[in-house]
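Pasting a structure below so you can have a look.
When reading the values below, keep in mind they use all heavy atoms of this one structure, side chains included, and skip hydrogens, waters and symmetry mates.
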Amino acid sequence: MNLRLICVVAVVMSLAFAGCGKREEAPASTAAPPQKPLATDAAGVVKERMADPEYRAELDAVKEQKRVAGKELQAAAQQLETAEARIRGTLKDSNDEVAFKSACKADVEWGKLKKILDEKEQAASAAHARARATIRERMIRQSEEYKAAGQEMPKPDGRP
């Protein structure tokens, strides 16, 4: 019995003393963390675009622009839906689509809101077209960089 008690006390004491040490915290550094160097090959071709801070900053700017444009588009669509609900409420037969469309065309506020919504949708599609052109331009430029370095573009799935 004494031997068992001594073993239990020894184990408990060793566990208690093992975890009781005061841990030092690393001093908080005010300097910016070191940036990961760009992953380039021997010819200087950037292999990982997400490591490029300029590319990431441009992506963030585009995301913010798209977020703002989407919010404005959603607000315009909501206002148009409200105007349509108001117009439907004034009609005797709210299921008559011909009467509804003619009432909408006659309503000045609905016309203004429809014009605003159409402009915002056109702006969004133009921004999408610009983004596609920019991506295409970058892909062509990257392909040319690889060709200038005498290498082939790596395939997305790792094929040779």
Side-chain angles (χ1 to χ4, degrees), residues 19 22-160:
K22 189 172 187 177
R23 296 181 182 165
E24 287 186 31
E25 293 183 17
S29 175
T30 57
Q35 288 190 356
K36 186 170 112 177
L38 292 179
T40 57
D41 61 3
V45 178
V46 176
K47 289 188 172 191
E48 186 180 341
R49 286 180 287 180
M50 290 307 287
D52 186 3
E54 293 172 3
Y55 177 76
R56 291 179 63 117
E58 189 175 337
L59 279 181
D60 290 341
V62 168
K63 276 196 286 188
E64 180 63 22
Q65 289 172 356
K66 287 178 77 174
R67 187 188 65 76
V68 169
K71 204 171 187 179
E72 291 174 355
L73 186 64
Q74 184 180 15
Q78 178 101 20
Q79 289 176 347
L80 188 67
E81 287 176 12
T82 304
E84 288 176 350
R86 179 183 49 80
I87 292 170
R88 261 198 209 279
T90 60
L91 296 175
K92 292 179 183 175
D93 184 15
S94 62
N95 293 332
D96 186 11
E97 286 298 316
V98 175
F100 173 70
K101 287 184 180 181
S102 64
C104 284
K105 289 180 182 177
D107 190 61
V108 176
E109 181 186 356
W110 183 87
K112 289 179 184 177
L113 291 173
K114 181 69 173 162
K115 183 178 177 182
I116 290 170
L117 184 64
D118 289 343
E119 288 173 356
K120 291 192 182 299
E121 286 175 345
Q122 287 176 356
S125 65
H128 183 71
R130 283 192 309 272
R132 287 178 57 90
T134 301
I135 291 169
R136 181 173 173 76
E137 176 185 312
R138 281 189 188 134
M139 290 175 73
I140 290 171
R141 185 174 58 228
Q142 188 179 25
S143 175
E144 289 171 353
E145 287 175 356
Y146 272 99
K147 285 179 185 175
Q151 301 173 356
E152 289 186 26
M153 285 279 292
K155 306 291 188 251
D157 59 358
R159 291 181 286 140

Nearest heavy-atom approach of Trp110 to Cys104 is CE3-O, 3.0 Å

Less than 3.5 Å apart, which donor and acceptor atoms pair up between the side chains of residues 124-134 and the rest of the protein, not counting sequence neighbours?
residue, atom, partner, partner atom, Å
Ser125, OG, Glu121, O, 3.4
Ser125, OG, Gln122, O, 2.9
Thr134, OG1, Arg130, O, 2.9

Between Thr90 and Ile87 the two heavy atoms that sit nearest each other are OG1-O, 2.6 Å

Nearest heavy-atom approach of Phe100 to Leu91 is CA-CD1, 3.6 Å

* To do: Take atom CZ of Arg56 as the centre, draw a 6.0 Å sphere, and report whether it contains more than 12 heavy atoms from other residues, nucleotides or ligands.
  => no

- Is the closest basic N to carboxylate O distance between Arg88 and Glu97 below 4.0 Å? yes

Would you check if Ile116 and Gln79 make a side-chain contact, meaning some heavy-atom pair closer than 4.5 Å?
-> no

d(Asp118 CG, Leu113 CG) to nearest 0.5 Å is 11.0 Å

Return yes if some donor-acceptor pair links the side-chain N/O of Thr82 with the main-chain N/O of Gln78 below 3.5 Å, else return no. yes

Taking every heavy atom of Ala99 against every heavy atom of Ser102, the minimum-distance pair comes out as O-OG, 2.9 Å

So CZ of Arg138 and CD1 of Ile140: to nearest 0.5 Å the spacing works out to 12.5 Å

Verify salt bridge (Lys or Arg N to Asp or Glu O under 4.0 Å) between Glu64 and Arg67, making sure each step is shown before the conclusion.
CA-CA 5 Å; Glu64 180 63 22; Arg67 187 188 65 76; 2.7 Å; yes

CG of Asp107 to CD of Glu84, rounded to nearest 0.5 Å, is 10.0 Å

By side-chain contact (heavy atoms from CB on, under 4.5 Å), Glu119 pairs with (sequence neighbours left out) Lys115

